[in-house]
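The structure under discussion appears below in the form of structure tokens.
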Amino acid sequence: MAIDLPEGFAYQANFLTESEEQKLLQQVREISFSEVRLRGVVARRRVAHFGWLYGYETWQIEPGPPIPPFLLSLKERAQRLARLEPNRLVEALITEYSPGAGIGWHRDASVFGIINSCLALSPCRFRLRSGPKRNQRASLVVEPRSAYVLRGEARSRWQHSIPTTKALRYSITFRTLRSEDSKFAG
């Protein structure tokens, strides 16, 4: 059963220009990526965390290296898109999805709050599901150079996934800490 996109999901096409995407990709390709290991299995995607390090096996966070300078202007734009006060996006996660990589149904780690992600290089299908039997569903094609925000119900009640893709792509995801979100709720 297909439905409209959930409350709290925002999408903006052409968030980056082609030139901005190329400059970003030059910097991203210089980053040292780490494997993702879940329940002892190495995933096909690779990641680099900044601001906070997330343990995929422990579900814990610890302070990490600072967000690189080349991401700071993108972070500011992401904060405006998400309607956030300055410096609320405290974690950056760059994910490299090689051909054949995807990500299964999940919600981002509960220590994180609002999520903003920018995509580069190739499109992907972004799927959402909710409901008692996970029968409420929505999806859209997320294009390169676009961005989306997950907050509210889209973040707390809906899971999301990305099926395997045929081409290399990157996502640059910024997140707030949930403990900080409560300070701004009232």
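The two atoms that bring L53 and P63 nearest to each other are CD1-O, 3.9 Å, heavy atoms only. Residue F33 comes nearest to I94 through the heavy atom pair CE2-O, 3.6 Å, listed as atom of the first residue, atom of the second, then distance. Of all heavy-atom pairs spanning E30 and Q26, the tightest one is CG-O, 3.4 Å. Heavy-atom minimum distance, L74 versus C118: CD1-SG, 3.8 Å. For the residue pair N116 and A147, the shortest heavy atom distance occurs at OD1-CB, 4.5 Å. In plain terms, the two heavy atoms of E20 and L16 that are nearest each other are OE1-CA, 3.3 Å.
A 4.5 Å side-chain heavy-atom check between I61 and L177 finds at least one atom pair inside the cut-off. No side-chain heavy atom of T95 sits less than 4.5 Å from a side-chain heavy atom of I172. Side-chain contact between F174 and V149 is absent, with no heavy atoms from C-beta onward closer than 4.5 Å. The shortest side-chain heavy-atom distance between S139 and R125 falls under the 4.5 Å cut-off. In this structure, L5 and L140 have side chains that are in contact, with non-hydrogen atoms separated by less than 4.5 Å. Counting heavy atoms from C-beta outward, L72 and I67 have side chains that approach closer than 4.5 Å. Side-chain contact between L119 and C124: present, with at least one pair of heavy atoms (C-beta onward) separated by less than 4.5 Å. Within the 4.5 Å cutoff, the side chain of L121 has no heavy atoms near those of the P144 side chain.
Y11 pairs by the ring-ring contact (aromatic ring centres under 6.0 Å, His included) definition with nothing, not counting sequence neighbours.
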Quiz item: Can you list the steps and then say if R29 with E96 is a salt bridge (charged side-chain N to carboxylate O under 4.0 Å, His left out)?
Solution: CA-CA 9 Å; R29 289 180 175 134; E96 178 188 75; over 6 Å; no
Practice problem: Using the side chain to side chain contact (heavy atoms under 4.5 Å, CB included) rule, take V28 and F70 through it: C-alpha gap first, then chi angles, then the decisive distance, then the call. | Solution: CA-CA 9 Å; V28 164; F70 78 90; 4.1 Å; yes
Exercise. Take R88 and E85 through the salt bridge (charged side-chain N to carboxylate O under 4.0 Å, His left out) test and state the conclusion after the steps.
Key: CA-CA 6 Å; R88 291 283 313 288; E85 297 81 5; 2.9 Å; yes
Exercise. Determine, step by step, whether E35 and R46 satisfy the side chain to side chain contact (heavy atoms under 4.5 Å, CB included) criterion, reporting the C-alpha distance in whole Å, the side-chain angles of both residues, the deciding distance to 0.1 Å, and the verdict.
Key: CA-CA 5 Å; E35 70 180 18; R46 299 185 318 149; 5.5 Å; no
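In this structure, R44 forms no cation-pi arrangement with Y97, as its terminal cationic atom is not both closer than 6.0 Å to the ring centre and no more than 45° off the ring axis.
A distance-only check finds no donor-acceptor pair linking the side chain of Q12 to the backbone of Y148 [under 3.5 Å]. A donor-acceptor pair under 3.5 Å is absent between the side-chain atoms of Q159 and the main chain of R129, judged by distance alone. The backbone N or O of T173 sits nowhere less than 3.5 Å from a side-chain atom of S171 that would complete a donor-acceptor pair. With S146 contributing its side chain and F15 its backbone, the two residues share no donor-acceptor pair below 3.5 Å.
S130 pairs with exactly one of Q136, E153, R137 by the side chain to side chain contact (heavy atoms under 4.5 Å, CB included) rule, that one being Q136.
Note that NZ of K75 and CG of L84 are 10.5 Å apart. Values are rounded to the nearest 0.5 Å. To the nearest 0.5 angstrom, R45 atom CZ is 10.0 Å from R169 atom CZ. Atom CD of Q27 is separated from atom NZ of K23 by 10.5 Å, given to the nearest 0.5 angstrom.
E57 CD: more than 12 foreign heavy atoms inside a 6.0 Å radius.
Using cut-offs of 30° and 60° on the angle between ring planes, the pair F9 and F126 is tilted.
Both W59 and V36 sit in one connected hydrophobic cluster of ILVMFWY residues. Membership requires side-chain heavy atoms under 4.5 Å apart, directly or through other members.
We find that R151 and E7 are not joined by a salt bridge, their nearest charged nitrogen and carboxylate oxygen being 4.0 Å or further apart.
The six-membered or imidazole ring of Y56 lies near that of H49, with a centre-to-centre distance under 6.0 Å.
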Side-chain donor-acceptor pairs under 3.5 Å in residues 100-113, sequence neighbours left out?
{"from": "H106", "atom 1": "ND1", "to": "G104", "atom 2": "O", "distance (Å)": "2.8"}
{"from": "H106", "atom 1": "ND1", "to": "H160", "atom 2": "O", "distance (Å)": "3.1"}
{"from": "H106", "atom 1": "NE2", "to": "D108", "atom 2": "OD1", "distance (Å)": "3.4"}
{"from": "H106", "atom 1": "NE2", "to": "H160", "atom 2": "NE2", "distance (Å)": "3.1"}
{"from": "R107", "atom 1": "NE", "to": "S156", "atom 2": "O", "distance (Å)": "3.1"}
{"from": "R107", "atom 1": "NH2", "to": "R157", "atom 2": "O", "distance (Å)": "3.3"}
{"from": "D108", "atom 1": "OD1", "to": "H160", "atom 2": "NE2", "distance (Å)": "3.2"}
{"from": "D108", "atom 1": "OD2", "to": "R175", "atom 2": "NH1", "distance (Å)": "2.8"}

